[in-house]
Amino acid sequence: MLRQITDQVKRIDVNPFPGADILSVSQFDRPRLEWLFARALEMQDMVKRDGGSDLLRHKLMVALFYEPSTRTSSSFIAAMERLGGSTVPITQGVQYSSVSKGESLPDTVRTLEQYSDVIVLRHPEIGSARIAADYCRKPIINAGDGAGEHPTQALLDLFTIQKELGRIDKLRIAMVGDLKYGRTVHSLTRLLLQYDVELAFVSPELVRLPLDLMNEVRKSGISVEETYHVADVISWADVLYVTRVQKERFSDLSQYEEIKNFYEITPEIMAQAQEQMIVMHPLPRVGEIAYSVDNDPRAAYFRQMENGMYIRMAILAAVLGKL
Ligand code: NCD
């Protein structure tokens, strides 16, 4: 659907998203973020209390994943089912669908919308979610479009920061790893530009933050640093947001090999961090955070995953007009 969200209001009491596609974090200003986070907390309370509800009974979600996924697909499916809805997962079997016969993305989504109320789409090409939305009358939720955006991940990341540290303003946030291809970094950075934060970008030269995004950051007036070394930011940061090098985006695998083991967060590194600092990671990890860090109370990545389900419950209920 092409529905645009335009009205700018200070505090939102009414669902701003009925029928909307969720394609980019640019759809979320602070009032909308606050509204969504309040609904996600209600979802959390409800799940802890009752396990689920009938809010989305007889609603059907298709999860159409052209790229691998564990957390995003399963948390969307869990979110829908906890709200009493049903799901058609096309998450492992895209190669067995008519996509393998050469069916186009527009035809695939126009097929699936005949049977469903909302489509969650992950696709390897930047802009694919927008194209799908142009052809589809039902809401499309972007679950990652190549190296472009991953808006629902950024929403759950920001929600996690708010829950863990009680605020977003005045925080120092360091993003570590593959900042070029890491779509979660792109979306989270854009959301953070609405807050009074300080940012640091830590990456090997080969995978620095894309220049256009860096220019957006600079234009926003936020204080920003770039470095190659975690040591430069570890005692400064309130949030260490670690990412994996996105092997699948490299055309030259020798470049991937060169940088794949650039960072590893270990207990020794954690010893230099603030007591209140949190470590986040969208996961999967492939060596960037040692398993021996998992029992550190500052390791927030498992809690971050749990938050993903509550955020996705709120998003599904919102776009389906049930909030
Ligand atoms: C991320 C993704 O798919 O962009 N994973 C996720 O959704 N939790 C990060 C990644 O794959 O490295």
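Read the numbers this way: they start at 1 and go in the same order the structure lists the ligands and their atoms. Here the structure is a predicted model, which means the values were calculated and not measured.
Under the 4.0 angstrom criterion for non-hydrogen atoms, R122 is in contact with ligand 1. Between P282 and ligand 1 there is a heavy-atom distance shorter than 4.0 Å. Ligand 1 is never approached by T243 to a heavy-atom distance shorter than 4.0 Å. Taking 4.0 Å as the cut-off, G308 does not count as a neighbour of ligand 1 on heavy-atom distance.
The residues R11 and D13 are annotated as salt-bridged, a charged nitrogen and a carboxylate oxygen being separated by less than 4.0 angstrom. Checked for salt-bridge contact, E306 and K48 meet the test: a charged N lies under 4.0 Å from a carboxylate O. A salt bridge does not link R167 to D169: none of the charged nitrogens lies less than 4.0 Å from a carboxylate oxygen. Under 4.0 Å is where a charged nitrogen must lie from a carboxylate oxygen, and between K170 and D196 at least one such pair does. R32 has a carboxylate O that lies under 4.0 Å from a charged side-chain N of D29, or vice versa, which qualifies the two as a salt bridge. Of the charged side-chain nitrogens involved, none lies within less than 4.0 Å of a carboxylate oxygen, so that R110 and E113 do not count as a salt-bridged pair. Using a 4.0 Å cut-off between a side-chain N of Lys or Arg and a carboxylate O of Asp or Glu, K219 and E216 do not qualify as a salt bridge.
Side-chain polar atoms of S26 and R190 form no donor-acceptor pair below 3.5 angstrom. Side chains of D107 and Y135: a donor-acceptor N/O pair is absent below 3.5 angstrom, by distance only.
If you number the atoms of ligand 1 from 1 as listed, the ones under 4.0 Å from a heavy atom of Q246 come out as 10 (C), 12 (O). Interface atoms of ligand 1 facing T72, defined by a heavy-atom separation under 4.0 Å, are 6 (C), 7 (O). Every atom of ligand 1 is numbered from 1 in the order shown, and the set under 4.0 Å from a heavy atom of T184 is 1 (C), 4 (O). Within the listing of ligand 1, atoms 10 (C), 11 (O) sit less than 4.0 angstrom from a heavy atom of P284. Distances below 4.0 Å separate heavy atoms of Q153 from the following atoms of ligand 1: 6 (C), 7 (O), 8 (N).
Some N or O of L283 is nearer than 3.5 Å to an N or O of ligand 1, by distance alone. Here's the thing with E248: none of its N/O atoms is less than 3.5 angstrom from an N/O atom of ligand 1.
In this structure, the protein non-hydrogen atom closest to atom 3 (O) of ligand 1 is R183 NH2, 2.9 Å. What sits closest to atom 11 (O) of ligand 1 on the protein, heavy atoms only, is R244 NH2, 2.8 Å.
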